[in-house]
Every structure is written in C-alpha cells, then in structure tokens.
Amino acid sequence: MTISEQTKIELRELMSRYPQSRSALLPMLHLVQSVEGYVSQEGIEVCAVEVGLSTAEVSAVASFYTMFKRYPVGKHHIGVCTNSMCALLGGDNIWRTLSKELDAGHDETTADSMFTLERIECQAACTHAPVMTVNWEFMDDMTEQKAAQVVSDLRAGKDLQATRGAKVRTFKDVQRTIAGFDDGLVDEPSIDASMLAGLNEFKNSTKGGK
Amino acid sequence: MTTPLVPNLTLHWDDADSHTLTGYQRHGGYSALKKAFTAGADGVIQIVKDSGLRGRGGAGFPTGMKWGFVPQNDGKPHYLVVNADESEPGACKDIPLMIANPHSLVEGVIISSFAIRANHAFIYIRGETPHPIRRVRAAVAAAYQAGLLGKNIQGSGFDLDVVVHSGAGAYICGEETALLDSLEGRRGQPRLKPPFPAVAGLYASPTVINNAETIASVPAIINNGADWYKSYGTEKSPGIKLFAVSGHVKRPGIYEAPLGITMRELITYAGGMKSDLPLKFWIPGGSSVPMLTADHLDIPLTYEDMAAAGTMLGTGTPMVFDTSTSVVKAVIRWIEFYKHESCGKCTPCREGTYWMVDILKRMEKGKAQLSDMDLLVDISAQISGRSFCALGDAAATPFPAALKYFKEEFEEVIKMAGAQA
C-alpha cells in the first residue's frame, strides 16, 4: 500500500493547524494508522519529509507511544483493562475468556486478521469497571459473557454500539477520528447511569425534602 | 449533618443535548464570557484568585496564582494548554465531563486564555478516548461558528484559536512538561524545572497548563462570583469538585460535591458497599496517592486534611475496595502500570520499577523471601524524590503505603506460596 496524494494533503492540513508543524506529528501518525492499519515504514518516511525531520527522529517518536503499532493491526482492536480496579472486578477473567476465544495473547492478531488483542492500561473509566474497548470505543461494565458476545457479534458482522461512544466501526475508521477528522457520530447517546449517579441522587433527595 | 451534593458542572447532564451549544446556552452557557470581557484580564485573574480554585489534576496548586506567574508585556506569544490526558488509575472524571459538557471546557478555555493573554490554546486529550475527542472537537467547531472563537470574539478585540489535540497512549504525558514535549511532536519526556512553563513552556514561551476540570470550573466562578464558590468547601480547599467513586460500591459514578465531604458520605451516596462486605482500603485520588482504611472514612476530603492523614486528595476520584480484595494483587498491577509507563529518562524510575515488578512477580509465584519486603521498601525510597517528575514518586507510593496497613497480608502470601512451592 502507498500513502496517497489525498492523505498527504490531509497530513499537511493537520500541520497547518499548529503554530509549528512538528506539533502535528502525533495526529499525523494517527492518520497514517488510519490508512495503513499501522505505522508503516513508508508512513514514517512520508511524515519525516512533510515535517522536515529524519526518519530516525520520527521513528523515535512513534516508538515511544503505545497506540502506535509497528505491525498491521486486525480489523478490530480489542482492549481489555487489567489494571488493578478492572482486574479485581472481573477484568482478568474477561482477558482469559477473550484470549482463549481468539487464541491470541497480548498484542497478538488472530490468523484471520479480524482481531488484535491487547491488555490495556487504565482507560479512565473506573466507575464502569471492568472495561473493555473495541477500536478504543468504551465497552463499559463488561462480563465474560458480554465480552464473548461482543466478539461473536463482530465476527458475524452485526451492528454494535459502544456504551459511551459511537457505533462500532473499524480500527482504521476510529484512527481517523482520533487523528482529528470529523466522523459525524458526535451526537450518539452516551450518558449512562454512572455518569448521572450523583445528579440522580441529588434530584431524589431534593424531591424528598419538599 | 450530611454534606449535600452540589451538581454544578453535572447539573444538566441528563439533558439529551447537554453536549451541544444549544443545550449549553439554554442554561446560561457563554454568559460568563461577557462578564469576563467586562471584568478585563486582570479582573478575571483576581476573581479566580479570590475564589481559591485549586488545580483539579492532582497537585492542587492555586489556579489564579499560576496564572499570575505569566509575565506580562513580554512581547512573546502566550499559550494555554488544557491537560485532558486523563490516565491515572482511578481517575475518571475529565472523560465524562468532556463527553457530557464539553462547552463548559471551551468557555473556560476562552475566559482563561483571555486572562493570561493567550491567543492560542490547546486541549490535549488522551488518544485512546475517541468520544471525548469527537465531542470537544464539535464543541470547538460550534464555538467558532457562533463567533465565540476566532477573531475579535464578540467585539471584545480578543482573538483566540483553539486546537484539539490527541495524545497517543502515554500516561507520562499527563505530567505537564512531558505533555509540552509531546505537544511539540516529541517523545513525551519531562523537562527539568526551572524554568517553569509559566516562563518557558510550549515553544519556549509562557504557558499555563491546567487540568480540564479546573478550566471547566472557571465559567461558573465568573458567573456567580468568588464568594459563591468560596461558600463551599473549606478555607484552604474552597469550592466544588467532581468525585468519581469507583470499586466495590453499589452505584459507582460521578458525584459532584463540595470539598470537605467525607468518604463515608460518598459511599452512602453511592448506595453503600457492593456486596455488603466491609471496606478494606480506599484511595482518595488515583493510584499515586497512599491508601487509607476504614479508620479514615470521616476525614474531610480536602487537600489539607488528606495531607494530614498522610495521603493526598490527588484527582479526587476515590477507589473503594472491600475485604474480597487482595491488596498484594492491587499493588502488583499498579507497579506494573508504572513500569509500563515510565518514560525511561531517569534511571531510578526506569530501573526501580523494573526491579520492583520482578520482585513482586517472584512473590506471586511463591519464590519470594520475607526480606524482599525490605528490598521493595528500599527500592521505593531510591526512586522517590530522585526522578525528574512525579511519576517516579507515584511508582514509589503503593508498596510502602500498603505495607503500612497490610504487612501481615504480604507476609502471609510469601509464606503460603513458599509452602506450596
């Protein structure tokens, strides 16, 4: 695969958003991943030329950040949080279930290139533990059963909705969103009971007081 | 008397359109901006100083004072950078805030930039969270459309451009100077201070870096006044805060309340303990602050009271664990996290976390000796205070803190596993 002229135009668009073009490097690498499914050598070279750095300098940046992958990611990226809170609330079991189901370990991709599985660090959703992500969209309050269902639905090509986020698309699609391009999914409902826990409690108590 | 909940930032989260400009303006959104322009830049700084607002990212530094450090009339561009790289284990308040109420952040950005004389602001959002990125990007776009961003905002003569930036998976970038390096397109490694960012930050220019919740709190303070804000909380910890209660409670979630509320009250609001098992330990604000126990449930959640109890308020996102929890396992996972996230710049943190994980794994496998506990304490002490940034100190926190209350549990694990081996 090659980086198209269209992508290069978008890379330059990202650079133009910043007072200094190098600041766009992380979004640019996200955009490369949205096209290639990983940060390819060619992607690194293109970014280096555009920003005016050596490929070694761009590689040094890309290799620092966990989200940048140096090998092709499957159609869907599945993350399972196994940091303390999620692990203790069931994340370890979810990890074991999915690892067995997909026959893949940490940072491994299934033979059919459908899934890449990753043990992820705290996803800033501890109120929704245990947490899993599909292409970085939240799958909150998971159980082993629900997690296995998510995988089988994705396999069957069924529509799937993130719990606090958009309908599930592909890893590449979401990488484009993260790179900073609109996807038209901003209005999908994403407020849940945990986010409203305090507000509901407040409303109940003020009702009772009247 | 029970401390009441005070929904402020969360008050309209149950509106279906709480994230839109229309939804925000329906409840007076962007009216603080006009007041800010009337008060003038120094006036805004004074109000924020008077309100006593302290940084909600963990350190609790007085916000108005931070803004006051920015040199004026220095001829250099100034920058505001919002730290929305929420990644600390336990912290989960900024992500919901950006999903549900992104315009409070955008209005806060405009007012804060106006105060520090910045014409360029950046919102650095954690890369692994596409939905907040979507919502904040849309809020910024809507603000431009409505003339609330761009040139000569509402005829004030003030210009502001805002860039929504995505990180790429590095906890260290929540550290303010590492965040700046990352925002400059580099590896996210911390800088030596001084110079402080207020003098030489982004592109070596004066820069204010504030947590997302801090900035989002500004519009309400401008609208209602410093006295209103100070009427909540304590003298040293005024105001209202998002408390994200997670773990073994019946209703984990976001509870917005005045500082000074107690953990016992928060657990009650959260419906009590999940399986009615007793509480074993809790952590006030992220894994980098020391844990407390059931003996500390009535201590007010303020910066000063938490410090007196030997811990910190941190991000104010308490994690609650009941007696079903292995404290050993919890500690291992936190240390593994710090090992994974150590940027490698400072030897004590890079090597120390590596060896701590190695020893803790040995413990898990039943190959540890009792003397390994002393070794872990020693390594923690070697990391603490010997690294550029707070990640090192954070990594050195969980083990000694757990040992303080649960030494016997560690001993038991070592002995039991040893017996099985």
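Just so we're on the same page: letters track the sequence lines, and every chain starts at 1. Predicted model, so just to flag it, every value in this text is computed and none were measured.
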Asks: Got A/Trp136 and B/Ile133 here, is their nearest side-chain heavy-atom distance under 4.5 Å?
Replies: no
Asks: So what's closer than 4.5 Å to chain B heavy atoms on A/Asp92: side chain, backbone, both or neither?
Replies: side chain
Asks: Would you mind checking which part of A/Leu185 comes under 4.5 Å of any heavy atom in chain B, side chain (CB onward), backbone (N, CA, C, O), both or neither?
Replies: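 For A/Leu185, backbone and side chain are both near chain B.
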Asks: Identify which part of B/Tyr171 has an atom lying under 4.5 Å from any heavy atom of chain A, answering side chain, backbone, both or neither.
Replies: neither
Asks: Quick check on A/Ala166 against chain B: is it the side chain, the backbone, both or neither that has a heavy atom closer than 4.5 Å?
Replies: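 The answer is both parts of A/Ala166.
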Asks: For atom NZ of A/Lys8, decide whether the heavy atoms of other residues, nucleotides or ligands shown that lie under 6.0 angstrom number more than 12.
Replies: yes
Asks: Of all residues at least two apart in sequence or in a different chain, which pass the ring pair (Phe, Tyr, Trp, His ring centres under 6.0 Å) check with A/His128?
Replies: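 Per chain and number, A/His128 pairs via ring pair (Phe, Tyr, Trp, His ring centres under 6.0 Å) with no residue.
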Asks: Is it the side chain or the backbone of A/Gln175 that comes within 4.5 Å of chain B heavy atoms, both, or neither?
Replies: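 A/Gln175 has no heavy atom closer than 4.5 Å to chain B.
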Asks: Counting only non-hydrogen atoms closer than 4.5 Å, does A/Arg119 touch chain B with its backbone (N, CA, C, O), its side chain (CB onward), both, or neither?
Replies: side chain
Asks: Stepwise, does the salt bridge (charged side-chain N to carboxylate O under 4.0 Å, His left out) test hold for B/Arg134 with A/Glu188?
Replies: CA-CA 10 Å; B/Arg134 261 183 209 112; A/Glu188 302 215 359; over 6 Å; no
Asks: Between B/Ser166 (side chain) and A/Ile178 (backbone), is there a donor-acceptor pair under 3.5 Å?
Replies: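 Yes, because the side chain of B/Ser166 sits within donor-acceptor range (under 3.5 Å) of the backbone of A/Ile178.
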Asks: Below 4.5 Å from any heavy atom of chain B, which atoms of A/Asp187 appear? Answer side chain, backbone, both or neither.
Replies: both
Asks: Using heavy-atom distances under 4.5 Å, tell me whether B/Val162 contacts chain A through its side chain, its backbone, both, or neither.
Replies: neither
Asks: Tell me every residue that passes ring pair (Phe, Tyr, Trp, His ring centres under 6.0 Å) with A/Tyr38, counting only those two or more places apart in sequence or in another chain.
Replies: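 Here no residue qualifies.
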Asks: Begin with the C-alpha distance, continue with both residues' side-chain angles, and end with the deciding distance and a verdict on side chain to side chain contact (heavy atoms under 4.5 Å, CB included) for A/Glu201 and B/Leu5.
Replies: CA-CA 8 Å; A/Glu201 195 62 27; B/Leu5 295 171; 3.8 Å; yes
Asks: Say whether, by atom type as modelled, one donor and one acceptor occur between the side chain of A/Thr66 and the main chain of B/Gly169 under 3.5 angstrom.
Replies: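 Between the backbone of B/Gly169 and the side chain of A/Thr66 there is a qualifying donor-acceptor contact (under 3.5 Å).
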Asks: Taking every non-hydrogen pair under 4.5 Å, which of B/Pro89, B/Ala170, B/Pro96 racks up the most with chain A?
Replies: B/Pro89
Asks: Mark yes when over 12 heavy atoms from residues, nucleotides or ligands other than A/Lys158 sit less than 6.0 Å from its NZ; otherwise mark no.
Replies: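 Incorrect, the count does not exceed 12.
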Asks: Of the backbone (N, CA, C, O) and the side chain (C-beta and beyond), which part of A/Leu89 lies under 4.5 Å from a heavy atom of chain B, both, or neither?
Replies: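 Contact with chain B: side chain only.
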Asks: Looking at B/Gly167, is its backbone amide N or carbonyl O close enough to the side chain of A/His30 to form a donor-acceptor pair, meaning the two atoms are under 3.5 Å apart?
Replies: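 Yes, because the side chain of A/His30 sits within donor-acceptor range (under 3.5 Å) of the backbone of B/Gly167.
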Asks: Is a donor on one side and an acceptor on the other found under 3.5 Å between the side chain of A/Arg17 and the backbone of B/Val163?
Replies: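 Not at all, since once roles are kept as given, no pair shorter than 3.5 Å links the two residues.
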Asks: Using a distance-only test with no angle check, is there a side-chain donor-acceptor pair under 3.5 angstrom linking B/Tyr203 and A/Ser23?
Replies: yes
Asks: Do the side chains of A/Gln123 and B/Arg126 get nearer than 4.5 Å, heavy atoms only?
Replies: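 B/Arg126 reaches A/Gln123 side chain to side chain.
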Asks: Chain B heavy atoms under 4.5 Å from A/Thr133: which part of the residue, side chain, backbone, both or neither?
Replies: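 Neither the backbone nor the side chain of A/Thr133 comes within 4.5 Å of chain B.
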Asks: Under 4.5 Å heavy-atom distance to chain B, tell me which part of A/Val186 shows up: side chain, backbone, both or neither.
Replies: both
Asks: Would you say B/Tyr269's side chain and A/Phe202's backbone share a donor-acceptor pair under 3.5 angstrom?
Replies: no
Asks: Step through the shown structure and confirm whether more than 12 heavy atoms of other residues, nucleotides or ligands are within 6.0 Å of NZ on A/Lys75.
Replies: no
